[in-house]
Amino acid sequence: MTVWPAIWLTLKLAFVTTAILLAVALPLAWWLTTTRSKLRPVVEAITTLPLVLPPTVLGFYLLILMSPTAPFGALWLRVTGDTLTFSFTGLVIASLVYSLPFAVQPLQTAFASVPQPTMDAARTLGATPRDAFLTVALPLARRGFLTAGVLTFAHTVGEFGVVLMVGGNIPGRTRVISIEIFTAVETLDYATAHVLSLGLLAFSFCVLLLVYVFNRRGGVRVA
Amino acid sequence: MTVWPAIWLTLKLAFVTTAILLAVALPLAWWLTTTRSKLRPVVEAITTLPLVLPPTVLGFYLLILMSPTAPFGALWLRVTGDTLTFSFTGLVIASLVYSLPFAVQPLQTAFASVPQPTMDAARTLGATPRDAFLTVALPLARRGFLTAGVLTFAHTVGEFGVVLMVGGNIPGRTRVISIEIFTAVETLDYATAHVLSLGLLAFSFCVLLLVYVFNRRGGVRVA
Amino acid sequence: MPDRLHFRLKLRRGPLFTLEAQESLPMQGVTAIVGPSGSGKTSLLRALAGLDMGVAGERRITFCNKEWDGPGGHVPAHERRIGFVFQDPHLFPHLSVAGNIGYGAKRCEVTSFDAIVEALELGPLLDRGIDGLSGGEARRVALARALASNPAVLFLDEPMTGLDSQRKSEFLPYIARAVSQARVPALYVSHSSDEVVTLADRVLELGQGHVTGWRTPPMRLTAHVVAETGPGVEVRLDGAEDDGPGASIALPLRALPGEAVGIGLPVESVHFSVHHPGAGSAIMVLPVTVTRPAGAEGQAVLDVLGQSVRVPGVMRVPSARTLWMSVLRVLPRPMVVDSTK
Amino acid sequence: MPDRLHFRLKLRRGPLFTLEAQESLPMQGVTAIVGPSGSGKTSLLRALAGLDMGVAGERRITFCNKEWDGPGGHVPAHERRIGFVFQDPHLFPHLSVAGNIGYGAKRCEVTSFDAIVEALELGPLLDRGIDGLSGGEARRVALARALASNPAVLFLDEPMTGLDSQRKSEFLPYIARAVSQARVPALYVSHSSDEVVTLADRVLELGQGHVTGWRTPPMRLTAHVVAETGPGVEVRLDGAEDDGPGASIALPLRALPGEAVGIGLPVESVHFSVHHPGAGSAIMVLPVTVTRPAGAEGQAVLDVLGQSVRVPGVMRVPSARTLWMSVLRVLPRPMVVDSTK
Amino acid sequence: EEVLLAVASNFLTAAENLAEVFEATSDHSVVVAHGSTGALYAQIVSGAPYDVFLSADAERPRLLAASGLAADVRTYALGRLVLVSKAALDPGAVAEAFAGRRVALADPLVAPYGAAAISAMESLRLDTATFQPLLVTNVGQVATLFVTGNTDFAFLAEAQLPLLGAAEVTALDGRYPAIRQDAALLARSQANPAAAAFWAFLSSEAAAEIIAAKGYDLAE
Ligand SMILES: Nc1ncnc2c1ncn2[C@@H]1O[C@H](COP(=O)(O)OP(=O)(O)OP(=O)(O)O)[C@@H](O)[C@H]1O
Ligand SMILES: Nc1ncnc2c1ncn2[C@@H]1O[C@H](COP(=O)(O)OP(=O)(O)OP(=O)(O)O)[C@@H](O)[C@H]1O
Ligand code: MOO
Ligand SMILES: [Mg+2]
Ligand SMILES: [Mg+2]
């Protein structure tokens with residue numbers, strides 16, 4: 001059983017999801033941080049929901065929503081000629097929902113710690129809100145941006161329950177690494193399970209180590 | 001099929017895991033934030049690893065490690081007379097590993113944003129490092145503490161892949177809500193799936209809404 | 001009609017404080033704003049700048065015939081072209097010193113970046129990050145940043161805090177020159193009477209959120225530069241006779257021969273006496289005629305070499321027709337004479 | 001042997017700055033530390049307080065015969081009992097004003113919490129959070145917090161920044177009293193000569209990370225309170241004759257009859273002249289004998305009513321045997337006379 | 001062209017063998033997805049793009065045909081349930097051996113082999129309260145638990161035995177209703193030549209040989 005299709009599929013899914021989510025989360029997180037709208041807590045709760053819900057709940061609803069018999073799934077089928085469930089597109093949509101909080105939350109935290117007076121200073125220096133956002137808030141929140149990217153990517157790579165429910169485990173189409181390992185264990189193919197698990201373990205560890213070594217920061221000292 | 005045992009089991013698991021993890025993560029996060037040790041990036045990477053790994057990798061290794069034929073599992077069996085896999089204790093151990101980064105990361109972020117000069121001020125006012133930690137760093141990081149608690153709890157409630165692998169779905173012992181929903185969907189028992197999913201959805205949404213309404217904060221304004 | 005800044009504001013901040021102020025400020029030279037801690041000086045500047053928009057209340061601001069806030073609309077803060085030096089420096093932590101100073105400069109026709117950097121002695125710091133800047137260094141960067149943004153008006157909230165007296169005495173004239181040369185008016189919050197004497201053309205006083213009135217403007221004489229010396233210039237008071245008192249005063253100031261210089265007279269360094277004190281430690285001893293003695297109608301007015309000087313109420317001017325004024329210290333300020341007049 | 005603070009330090013901060021200083025400071029009264037912005041004043045205080053321990057270098061500190069840093073060991077910052085007022089307030093954002101002030105007080109035998117709150121006029125703010133405090137309010141809370149922690153020594157890094165002159169002139173005497181009454185020595189960083197004149201017993205100068213020497217201590221005369229008046233006290237200079245000059249000076253100060261008061265003479269408000277100036281705006285005109293004229297050996301020394309006064313080099317004292325000294329303004333400072341002497 | 005098989009876990013290795021041979025003898029390719037019968041069925045109902053469903057029961061293919069999702073249904077094998085254990089087992093003393101131990105079986109709700117195991121236990125008069133039954137989603141996982149030492153006894157398909165290595169096998173013939181494993185050619189795939197070709201191949205002699213060799217009985 002070759003593991004490359006699963007690895008390739010997983011990376012593709014994680015990349016696509018991360019790219020789309022960062023693009024969506026950036027304005028959303030900024031809006032949540034700066035708005036005075038009464039709707040904010042509601043939007044915030046909705047955004048956080050996928051974090052709190054078991055993947056199977058998400059999977060269940062997505063399955064219902066995207067099934068060819070549901071309005072949305074049917075529309076998709078008519079327009080694209082393809083079903084959403086058990087397809088890569090379906091996985092991407094599921095991942096977007098599933099990982100949304102992982103993109104929004106770190107950005108929101110980072111934006112919230114941008115000091116108001118610093119933004120004020122930018123404004124009196126002639127920066128439009130958009131300009132101040134791009135040249136002050138965003139650079140100051142870059143750690144949050146990095147965190148959002150890493151978390152979203154990681155969470156998508158590690159996605160399992162949702163994928164299993166809305167994607168099944170169709171080799172080359174929806175069988176991502178996590179499912180591949182599950183399958184390998186099920187079929188007593190411990191060699192594959194070990195190769196994938198160890199590989200992922202070593203790879204993740206190295207990436208994280210690099211991130212943390214290069215991301216040294218001052219931090220607080222007490223003694 | 002009554003759903004209460006699954007709900008009860010899930011809550012118990014989430015509470016126990018959250019309580020233990022917060023107790024462990026607090027000193028760990030503080031150490032990570034303040035230490036100047038060369039080991040910091042390594043420890044940091046290890047702490048973050050479960051975040052990046054698919055639950056099935058974790059599940060696979062835990063399954064191997066905790067099996068009664070493995071040294072650790074065997075020892076456990078000798079000492080407690082109970083096997084780890086497919087038991088509540090096993091689930092707790094798996095959850096602790098699985099949710100560790102969700103407890104450590106928010107605390108670390110919060111601790112990192114405690115200003116050094118404020119800690120310095122506490123010290124010159126006679127606060128020992130421990131005292132300053134408890135009376136300044138911790139209160140200033142309380143949002144991080146709350147976030148850590150909520151995330152850990154939520155992540156444990158949502159745990160699926162790991163439980164599926166090391167816990168199976170023994171009713172009342174290891175069948176948590178997420179597994180219950182999965183099973184319900186697999187058996188096309190949509191009624192149960194709906195009851196559980198909707199319940200969880202409504203409950204989560206309300207809790208989050210409350211958190212966000214009461215957690216209003218200044219935030220940044222630009223226009 | 002000269003340009004003015006009209007405002008009528010009513011803003012609540014917290015349960016105990018309301019800023020409720022209305023005034024019309026000439027937009028020429030430096031208007032000092034003084035008042036005890038907590039009287040609302042910072043709140044006033046922020047409101048005028050269009051920050052803190054969230055707080056409800058009345059808000060009418062017109063700057064040089066342009067409505068900034070009012071029924072006709074709202075000019076957002078970034079279009080008001082205010083060079084705001086905040087009470088705390090609030091530098092951009094992700095930019096170098098040069099990046100901070102250049103931030104505003106990039107967003108408009110660049111003015112004298114290099115001159116500002118030189119005047120504030122920031123050259124050696126330009127490439128550094130802002131971490132580890134000393135208190136005074138950070139403050140100077142904040143000043144430079146505001147000045148380099150080619151502002152239409154300066155809002156300076158205790159900008160000299162943390163600057164050593166040497167740098168202060170070099171930099172105050174620099175601000176004076178910037179204000180008069182580029183005709184950028186300034187609002188200047190300060191607790192330091194020296195700064196007020198050096199810079200202010202008029203002094204507005206706040207108390208508990210209200211405008212409590214205009215204070216006597218600082219005592220000042222005008223002089224002209226007669227010669228450049230090594231470390232500074234030599235000036236002669238307008239109206240002084242050759243070899244008479246005030247004919248030749250050395251000032252540590254950069255100015256060109258012929259330029260007008262304001263000679264600020266700090267209250268605590270001016271000694272009025274009925275007799276000539278003779279040789280002494282004073283920079284100059286000038287004859288003074290009392291045009292109007294202090295009394296119920298207001299402060300005393302003096303004639304000094306033909307120049308009229310109003311004396312603040314706190315000074316005890318002896319009751320005599322003619323006096324001697326010994327000046328122990330002056331605070332000079334370059335003045336660019338309006339060439340259009 | 002009087003208590004002293006010995007230190008020998010060498011610390012690198014950034015590529016351009018090294019603090020390399022060695023000195024022994026008497027731990028009595030107030031030692032002012034002056035120097036241009038960036039000269040290392042803050043760095044010195046932090047190093048002495050045992051903060052910034054991460055930076056390697058030489059570090060020997062002995063405080064009142066107790067080794068704080070050295071081969072014999074290291075006393076952690078929280079055991080040094082330093083009342084540190086930082087250049088920025090750095091209040092605890094999660095505590096109320098009262099909580100901030102009480103933070104240190106809780107960790108030791110409580111000293112005069114109420115007196116401090118009253119002296120700094122913090123009563124109305126006690127229950128507030130620290131958000132929205134004005135610049136001067138925050139500064140006063142930081143001061144109160146340090147004072148209330150019953151410190152063994154005060155480190156004050158420009159503590160009067162942002163305070164209005166009214167409050168400053170009330171609070172400086174308060175600090176002076178705290179220092180002398182509780183015998184808490186203080187290191188006082190300041191750019192303001194008024195503060196130095198009011199408080200300092202000696203003045204240490206820093207430049208570019210090095211100790212550049214001791215400055216002439218501020219001119220000061222001693223006096224005693226003869227009567228309490230409504231708004232303040234009436235004092236008589238030591239050595240003044242009944243009805244003679246200096247016999248009765250009104251000061252806006254709280255003190256008890258019989259108490260000693262230091263009368264600081266700000267350089268820029270002291271006018272030396274060869275003739276008596278006659279009636280005028282001076283608070284007092286005192287006869288002066290020049291004990292030692294200014295010259296190569298150092299600054300001039302004067303005899304004022306029997307008290308010896310050293311005149312800083314910047315002042316031009318006329319060359320004559322006897323002079324008149326017109327004092328336009330004084331900066332009073334209560335002094336508790338050491339009863340053990 | 002490609003045919004996508006949905007294979008009940010018990011038949012996975014056999015299906016892989018079939019796929020190999022089919023690919024060698026035709027110019028089509030085969031992709032194999034697997035799971036419990038119930039899970040695969042639920043996926044098909046939800047729109048999963050399978051071509052051929054190799055179920056472990058007859059019921060679900062029949063339901064597919066009835067709802068029009070399946071174009072053709074046929075029995076391809078009769079399954080055999082076995083009980084494996086670490087130590088040799090006396091068929092007469094199963095209850096004693098089970099007492100307090102762990103017994104893994106597939107979830108009868110989704111896996112026909114699990115349902116068969118339940119029947120076998122009833123016929124052996126085993127009381128599930130006297131031991132610890134471990135229910136997992138399919139027979140593949142049952143095997144995993146046994147191999148990793150996490151269970152002492154496991155109800156498996158005979159076809160899985162080669163994967164296990166050393167294990168004692170107890171045959172359970174006659175103690176459970178016949179496991180009729182039906183295949184369904186899904187309606188959506190009628191136009192897929194690869195699906196049609198595989199459907200034909202499934203009833204070929206060559207296929208029957210492989211199926212039998214894997215430990216299944218053949219229908220009539
Ligand atoms: N958000 C707020 N909540 C409560 N009180 C506030 C708030 N913002 C400002 N204040 C109060 O308003 C008053 C005026 O503040 P402001 O900063 O304008 O004073 P200021 O004149 O600049 O004083 P300073 O000279 O000390 O800087 C202060 O008493 C302050 O405590
Ligand atoms: N981490 C650092 N990196 C680089 N330079 C630093 C660092 N910390 C301090 N410095 C430099 O050390 C010098 C001394 O700083 P310090 O804060 O002690 O000055 P200061 O005498 O207190 O000045 P001020 O009166 O402006 O507060 C400054 O030039 C400052 O830029
Ligand atoms: O092959 Mo099954 O559907 O797990 O019994
Ligand atoms: Mg202010
Ligand atoms: Mg400093």
Side-chain angles (χ1 to χ4, degrees), chain A residues 33-34 36 40-42 44-46 48-49 51-57 59-61 63 109 111-114 116 119 123 129 132-133 137 151 154-155 157-161 164-165 177-179 181-182 185 193 196-197 200-201 204-205 207-209 212-213 216-223, chain B residues 33-34 36 40-42 44-46 48-49 51-57 60-61 63 109 111-114 116 119 123 129 132-133 137 150-151 154-155 157-161 164-165 177-179 181-182 185 193 196-197 200-201 204-205 207-209 212-213 216-223:
Chain A
T33 319
T34 56
R36 305 176 147 263
R40 190 177 64 82
V42 180
E44 225 164 353
I46 292 177
T48 318
L49 213 47
L51 186 77
V52 187
L53 288 179
T56 47
V57 173
F60 175 54
Y61 284 122
L63 197 62
T109 309
F111 283 146
S113 71
V114 172
Q116 181 60 37
M119 293 303 287
R123 295 174 63 207
F133 171 71
L151 287 191
H155 200 236
V157 167
E159 202 172 330
F160 173 71
L164 196 62
M165 289 182 79
I177 296 180
S178 57
I179 306 257
I181 292 171
F182 183 66
V185 172
L196 278 173
S197 297
L200 217 57
L201 193 75
S204 306
F205 184 76
V207 168
L208 287 176
L209 199 61
Y212 286 122
V213 167
R216 298 224 100 135
R217 55 183 181 264
V220 197
R221 276 161 293 118
V222 152
Chain B
T33 320
T34 55
R36 306 178 146 260
R40 190 177 64 81
V42 179
E44 224 164 355
I46 292 176
T48 318
L49 213 47
L51 186 77
V52 187
L53 288 180
T56 46
V57 174
F60 176 54
Y61 284 121
L63 196 62
T109 309
F111 283 145
S113 70
V114 172
Q116 182 59 37
M119 292 303 288
R123 294 175 62 207
F133 170 71
V150 169
L151 288 191
H155 199 237
V157 167
E159 203 173 326
F160 172 69
L164 195 62
M165 289 185 79
I177 297 180
S178 55
I179 303 265
I181 294 172
F182 182 67
V185 172
L196 280 173
S197 297
L200 221 54
L201 191 74
S204 307
F205 184 76
V207 169
L208 287 176
L209 198 62
Y212 285 121
V213 166
R216 299 225 98 135
R217 54 180 182 266
V220 198
R221 275 160 295 120
V222 152

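Quick note on labels: first sequence line is chain A, next is B, and so on, each numbered from 1.
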Considering all heavy atoms, the nearest F205(B)-I46(A) contact: CE1-CG1, 3.6 Å

pair L201(B)-L53(A): side-chain heavy atoms closer than 4.5 Å: yes

Greatest number of heavy atom pairs closer than 4.5 Å to chain B - which of P54(A), P55(A), G59(A), A193(A): P54(A)

Leading residue by heavy atom contact count with chain A [cutoff under 4.5 Å; candidates V157(B), T48(B), L196(B)]: T48(B)

F182(B): partners by ring-ring contact (aromatic ring centres under 6.0 Å, His included), with sequence neighbours left out: F160(B)

Residues that A154(A) engages under side-chain contact (heavy atoms from CB on, under 4.5 Å), provided they are two or more places apart: V52(B)

